[in-house]
Amino acid sequence: EELLEFIARVSRQRILDIGCGLGPYVAKLNSRGFNCIGIEIEAGLVRGAVALGRPVLLMDGRVLSFDDQTIDTCLLIEVIEHVHDFELLLREAGRVAQRNIIVSVPNINVIPSLSRYNVVPWHLLEATHVNFFTPKILQRTLERIFAGRAKVQVEEYAPFFPWAEGDQLNYQIRAVIEMIR
């Protein structure tokens with residue numbers, strides 16, 4: 001819900017959810033009056049999303065079938081950590097996004113703090129993750145990819161383990177890439 005509220009606040013009407021899976025964000029955003037469609041590379045997930053009545057298309061996010069600047073906001077929620085050539089995905093999102101791109105990834109910055117409690121959230125290191133991000137790594141990566149074309153803002157969110165000593169731990173990182181047109 002925290003991310004959904006954030007997306008609704010910073011997005012405009014036309015939204016493309018890249019790597020949407022079964023399309024939960026597509027459904028929730030459309031129920032709020034947005035015009036959101038999803039794309040997914042896995043055919044079985046697309047069939048499942050369509051069976052649920054969600055507008056999801058089978059498409060590779062690295063080669064989008066949309067004209068330049070025809071989407072207000074592109075979403076990449078829990079996607080780029082799974083894609084070897086994630087920079088192609090981000091560049092394509094930047095090509096079609098007129099206003100902004102919203103990215104969310106797991107925050108591996110919490111691992112050192114949690115290690116003293118012998119805790120590692122399984123999702124942070126699951127086998128399908130091929131890229132790992134801290135807020136600083138994500139900021140630098142996005143600034144390099146979008147140099148001179150966008151303003152990048154990265155922040156941690158999704159607090160958890162309030163009992164842990166020291167800094168507040170945030171499970172996720174989100175970025176807003178504001179396109180400069």
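Along the sequence shown, residues carry numbers from 1. Scope of the values below: all heavy atoms of this structure, side chains included, with no hydrogens, waters or symmetry mates.
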For this session: May I ask you to test the V56-D17 pair for a side-chain heavy-atom distance under 4.5 Å?
Result: no
Exercise. Between L169 and L125, is there a shared hydrophobic cluster once you connect ILVMFWY residues whose side-chain heavy atoms come closer than 4.5 Å?
Worked result: yes
Exercise. Are Q172 and E78 close enough that a side-chain donor and a side-chain acceptor fall under 3.5 Å?
Worked result: yes
For this session: Please check if Y25 and F6 belong to a single hydrophobic cluster, counting links between Ile, Leu, Val, Met, Phe, Trp and Tyr side chain heavy atoms closer than 4.5 Å.
Result: yes
Problem set entry | Heavy-atom pair of closest approach, residues H129 and P106 | CE1-CG, 3.7 Å
Exercise. Does the gap between the ring centers of F133 and F86 come in under 6.0 Å?
Worked result: yes
Seminar exercise, completed: When rounded to the nearest 0.5 Å, the distance separating CG of L29 from CD of Q13 is 10.0 Å
Exercise. How close do L124 and F132 get, heavy atom to heavy atom, and via which atoms?
Worked result: O-CE2, 3.5 Å
Exercise. Are the side chain of E92 and the backbone of G61 linked by a donor-acceptor contact shorter than 3.5 Å?
Worked result: no
For this session: Would you give the length of the straight line joining atom CZ of R99 to atom CD of E178, rounded to the nearest 0.5 angstrom?
Result: 5.5 Å
Exercise. Is any NZ, NE, NH1 or NH2 atom of the basic residue among R14 and D72 found under 4.0 Å from an Asp or Glu carboxylate oxygen of the other?
Worked result: yes
Seminar exercise, completed: In this structure, CG of D85 is separated from CD1 of I80 (nearest 0.5 Å) by 12.0 Å
For this session: Kindly indicate whether the side chain of L75, heavy atoms from C-beta on, has any atom under 4.5 Å from the side chain of I7.
Result: yes
Problem set entry | V152: partners by side-chain contact (heavy atoms from CB on, under 4.5 Å), with sequence neighbours left out | Q139, L142, E143, V154, I177
Exercise. Honestly curious: do F66 and L76 fall in one hydrophobic cluster under the side-chain, below-4.5 Å linking rule?
Worked result: yes
Problem set entry | Within-4.5 Å side-chain heavy-atom neighbours: C74 and I102 | no
Exercise. If Ile, Leu, Val, Met, Phe, Trp and Tyr residues are connected whenever their side-chain heavy atoms lie under 4.5 Å apart, and connections chain through other members, are I15 and M179 in the same group?
Worked result: no
Exercise. Shortest non-hydrogen contact from E40 to G21?
Worked result: OE1-N, 2.7 Å
For this session: Any chance you could lay out the side chain to side chain contact (heavy atoms under 4.5 Å, CB included) test for Q98 and T70, step after step, and finish with the verdict?
Result: CA-CA 6 Å; Q98 189 207 19; T70 54; over 6 Å; no
Exercise. What pairs with N170 under side chain to side chain donor-acceptor pair (under 3.5 Å), at least two apart in sequence or on another chain?
Worked result: E156
Exercise. Looking at R62 and E87, does any basic side-chain N land under 4.0 Å from a carboxylate oxygen?
Worked result: no
Exercise. Under a 4.5 Å cut-off applied to non-hydrogen side-chain atoms, are L57 and V46 in contact?
Worked result: no
Exercise. Take atom CZ in R47; do more than 12 heavy atoms of anything else shown fall under 6.0 Å from it?
Worked result: no
Seminar exercise, completed: Sorted by chain and residue number, the ring pair (Phe, Tyr, Trp, His ring centres under 6.0 Å) partners of Y171 (sequence neighbours excluded) come out as F160
Problem set entry | ILVMFWY network linking V79 to M59, side-chain heavy atoms under 4.5 angstrom | yes
Problem set entry | Distance (rounded to the nearest 0.5 Å) between I137 CD1 and N131 CG | 10.5 Å
Exercise. Heavy-atom distance under 4.5 Å between the side chains of I39 and C20, does that happen here?
Worked result: no
Exercise. Would you say the side-chain atoms of R32 pair up with the backbone N or O of A8, donor to acceptor, closer than 3.5 Å?
Worked result: no
Seminar exercise, completed: For N107 and P135 the tightest heavy-atom approach is OD1-CD, 3.5 Å
Problem set entry | T73 side chain reached by F34 side chain, heavy atoms, under 4.5 Å | no
For this session: Kindly compute the distance separating CD1 (I101) from CZ (R91), expressed to the nearest 0.5 Å.
Result: 11.0 Å
Problem set entry | Closest heavy-atom pair and its distance - A97, N100 | CB-O, 3.6 Å
Exercise. Just wondering, do R149 and I180 contact through their side chains at under 4.5 Å, heavy atoms?
Worked result: no
Exercise. Does atom CZ of R140 have more than 12 heavy-atom neighbours, drawn from other residues, nucleotides or ligands, at distances under 6.0 Å?
Worked result: no
Problem set entry | Spacing of R174 atom CZ and L3 atom CG [to the nearest 0.5 Å] | 7.0 Å
Problem set entry | Side chains of E126 and E81 in contact at under 4.5 Å (non-hydrogen atoms) | no
Seminar exercise, completed: Heavy-atom nearest pair, N30 first then P55, reads ND2-CG, 3.7 Å
